[in-house]
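Take a look at the structure below.
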Amino acid sequence: MAKNDRFEKVYSQGKVDIVEIWIDKETGVNYMCRVAGYAGGLTVLLDKDGNPVISPVKDR
């Protein structure tokens with residue numbers, strides 16, 4: 001896997017206030033990225049029980 005192929009953007013909404021969901025293709029962990037103007041943040045996406053959302057990982 002190439003260095004820049006590890007993460008995949010699976011959801012995006014907005015033009016100025018942006019929300020994106022990214023998946024780590026090695027671990028399956030989902031991350032939410034929020035950008036508003038010059039500010040932004042990244043966090044692990046959690047389910048209703050507070051556990052990380054993990055998508056199935058395809059075999060390499």
Side-chain angles (χ1 to χ4, degrees):
M1 180 180 301
K3 200 181 239 186
N4 59 353
D5 290 338
R6 180 166 179 168
F7 294 92
E8 177 182 2
K9 180 170 51 172
V10 295
Y11 177 82
S12 183
Q13 138 184 337
K15 301 248 185 233
V16 177
D17 294 331
I18 302 167
V19 175
E20 297 176 337
I21 305 294
W22 290 81
I23 295 177
D24 181 336
K25 293 195 276 184
E26 286 189 17
T27 64
V29 175
N30 288 237
Y31 296 89
M32 183 184 74
C33 176
R34 171 112 158 91
V35 179
Y38 292 108
L42 181 72
T43 188
V44 174
L45 192 61
L46 302 176
D47 66 14
K48 64 179 181 170
D49 299 319
N51 299 314
V53 174
I54 301 177
S55 299
V57 178
K58 298 176 186 174
D59 291 335
R60 294 182 238 152

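- Residues P52 and V44 share a closest heavy-atom pair of CB-CG1, 3.8 Å.
- With sequence neighbours left out, T27 forms a side-chain hydrogen bond (donor to acceptor under 3.5 Å, both in side chains) with D24.
- For the pair K25 (side chain) and E8 (backbone), a donor-acceptor distance under 3.5 Å is absent.
- Taken together through direct or relayed side-chain contacts under 4.5 Å among Ile, Leu, Val, Met, Phe, Trp and Tyr, F7 and L42 form part of one hydrophobic cluster.
- Clustering of Ile, Leu, Val, Met, Phe, Trp and Tyr side chains at separations under 4.5 Å places I18 together with V35.
- The side chain to side chain contact (heavy atoms under 4.5 Å, CB included) search around K48 returns none, not counting sequence neighbours.
- Without hydrogens or angle criteria, D47 side chain to D49 main chain gives a donor-acceptor distance under 3.5 Å.
- Partners of I21 according to the side chain to side chain contact (heavy atoms under 4.5 Å, CB included) rule, which considers only residues two or more places apart in sequence or in another chain, are V10, Y11, N30, M32, L45.
- Of all heavy-atom pairs between S55 and I23, the closest is OG-CD1, 3.5 Å.
- Note on V53: it clusters hydrophobically with V19, by side-chain heavy-atom contacts below 4.5 Å among ILVMFWY residues.
- With sequence neighbours left out, K9 forms a salt bridge (charged side-chain N to carboxylate O under 4.0 Å, His left out) with E20.
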